[in-house]
Amino acid sequence: MSDTPIDSSKRTWLIASGCAGAVGGVATAVPFVSTFQPSEKAKAAGAAVEVDISALKPGEKMTVEWRGKPVWIVKRTPEQLADLPQLDSQLADPKSARKPDEFTPVYARNEARSIKPEIFVAVGICTHLGCSPSDKFATGAQPSLPDDWKGGFLCPCHGSTFDMAGRVFKNKPAPDNLEIPPHMYLSDSRLLIGEDKKA
């Protein structure tokens with residue numbers, strides 16, 4: 001080991017560069033370590049969503065976001081509900097039997113595909129290529145729809161049509177009915193989207 005003293009300018013330079021290296025190392029490590037924890041946005045994306053439906057009137061729809069997907073809540077009219085059984089012969093899967101576990105929870109495996117007949121809850125994404133269908137609640141002849149249209153949804157991308165229970169019509173590109181998300185009622189006017197079992 002040499003007894004030669006290090007001059008003070010060199011010592012200052014070595015200390016400064018050592019400190020800069022340490023700061024750079026910490027700055028690099030912090031973002032890396034923080035990736036091990038899910039972000040608040042990621043936590044919220046999977047969380048259940050509570051919705052107040054007290055202001056929803058017959059024939060109206062509201063949309064909420066759950067897991068980055070649009071979820072429709074429609075309050076169907078008595079006429080819309082009465083039309084559902086009449087459409088069975090025109091539908092590709094009227095009883096939601098093709099993929100029941102994937103698209104229709106047990107409590108929605110009925111004609112209305114819902115817990116309460118008048119309230120329809122569905123993920124607003126077409127099962128063909130993931131487009132979002134448009135509301136076509138008005139009945140009768142309209143562009144891209146049959147003359148005897150009873151109301152429902154039209155996917156403008158490739159022409160798939162769904163009835164007011166989200167069931168796809170025959171000979172359309174969409175292979176399945178619209179997905180019914182897990183949901184439950186907290187009260188007559190409050191829905192919880194994303195959970196269907198009380199803790």
Side-chain angles (χ1 to χ4, degrees), residues 49-99 103-105 107-185 188-194:
V49 178
E50 193 172 325
V51 187
D52 182 353
I53 60 170
S54 59
L56 199 60
K57 296 182 177 126
E60 289 184 346
K61 178 187 96 171
M62 64 188 297
T63 304
V64 297
E65 185 178 340
W66 171 68
R67 292 188 173 177
K69 303 174 186 175
V71 174
W72 298 335
I73 303 165
V74 180
K75 188 164 189 178
R76 294 179 284 209
T77 65
E79 294 79 20
Q80 289 168 334
L81 285 169
D83 285 336
L84 293 178
Q86 300 171 27
L87 297 171
D88 283 7
S89 64
Q90 301 173 47
L91 302 168
D93 186 14
K95 304 297 180 199
S96 299
R98 282 189 187 159
K99 296 180 183 173
F103 290 103
T104 312
Y107 47 82
R109 292 180 196 161
N110 51 51
E111 194 82 53
R113 297 185 78 221
S114 61
I115 298 171
K116 295 183 177 184
E118 69 278 12
I119 303 294
F120 176 57
V121 180
V123 174
I125 296 176
C126 181
T127 55
H128 179 222
L129 292 176
C131 304
S132 189
S134 304
D135 306 346
K136 295 294 180 182
F137 296 167
T139 58
Q142 299 166 61
S144 304
L145 294 169
D147 292 345
D148 61 348
W149 181 248
K150 301 287 186 187
F153 308 93
L154 167 68
C155 187
C157 302
H158 300 95
S160 292
T161 49
F162 303 86
D163 74 352
M164 289 299 297
R167 301 176 299 174
V168 68
F169 282 83
K170 289 179 180 175
N171 304 314
K172 299 294 178 178
D176 296 294
N177 296 335
L178 296 178
E179 177 188 354
I180 306 297
H183 65 283
M184 61 190 233
Y185 287 86
D188 286 342
S189 62
R190 297 200 75 77
L191 258 175
L192 188 66
I193 311 292

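Start at 1 with the first residue, then count along the sequence. Just so it is clear, the values below take in all heavy atoms, side chains as well, and ignore hydrogens, waters and symmetry mates. Just so it is clear, the model here is predicted, and its values are computed rather than measured.
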Problem - Residue among P156, P133, C157 satisfying side-chain contact (heavy atoms from CB on, under 4.5 Å) with C126 - result: P133

Considering all heavy atoms of both residues, which atom of [X] and which atom of [Y] are nearest to each other, and what is their separation?
| X | Y | result |
| --- | --- | --- |
| V64 | I73 | CG2-CD1, 4.4 Å |
| N177 | F103 | O-CD2, 3.8 Å |
| T104 | R109 | O-NE, 2.9 Å |
| P117 | L81 | O-CD2, 3.1 Å |
| I125 | L178 | O-CD2, 3.5 Å |
| F162 | F169 | C-CE1, 3.8 Å |

Who are the side chain to side chain donor-acceptor pair (under 3.5 Å) partners of [X], not counting sequence neighbours?
| X | result |
| --- | --- |
| T161 | none |
| D93 | none |
| E65 | none |
| S160 | none |

Quick one: pull up [atom1] in [X] and [atom2] in [Y] and give me the separation to the nearest 0.5 Å.
| X | Y | atom1 | atom2 | result |
| --- | --- | --- | --- | --- |
| L87 | D83 | CG | CG | 6.5 Å |
| Q80 | M164 | CD | CE | 3.5 Å |
| L84 | E79 | CG | CD | 12.0 Å |
| W66 | I193 | CH2 | CD1 | 8.5 Å |

With the side chain counted from C-beta on, respond yes when [X] and [Y] share a heavy-atom pair under 4.5 Å apart, and no when they do not.
| X | Y | result |
| --- | --- | --- |
| V121 | S114 | no |
| H128 | V168 | no |
| L191 | Y185 | yes |
| P146 | Q90 | no |

Is there a donor-acceptor pair under 3.5 Å between the side chain of [X] and the backbone N or O of [Y]?
| X | Y | answer |
| --- | --- | --- |
| R113 | S96 | no |
| R98 | P175 | yes |
| S132 | G124 | yes |

Handout entry: Check against side-chain contact (heavy atoms from CB on, under 4.5 Å), K75 and I119
Key = CA-CA 5 Å; K75 188 164 189 178; I119 303 294; 3.9 Å; yes

Handout entry: Any pair counted as salt bridge (Lys or Arg N to Asp or Glu O under 4.0 Å), so long as it reaches residues 164-183, sequence neighbours left out
Key = K69-E179, D88-R167, K99-D176, E111-R167, D163-R167

Handout entry: Inter- and intrachain pairs under side-chain hydrogen bond (donor to acceptor under 3.5 Å, both in side chains), touching residues 135-152, at least two apart
Key =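 For residues 135-152: K61-D135.
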
Practice task
Using the six-membered ring wherever Trp is involved, compare the ring planes of H183 and Y107 and label them parallel, tilted or perpendicular (cut-offs 30° and 60°).
Solution key: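 The rings of H183 and Y107 stand perpendicular, inter-plane angle above 60°.
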
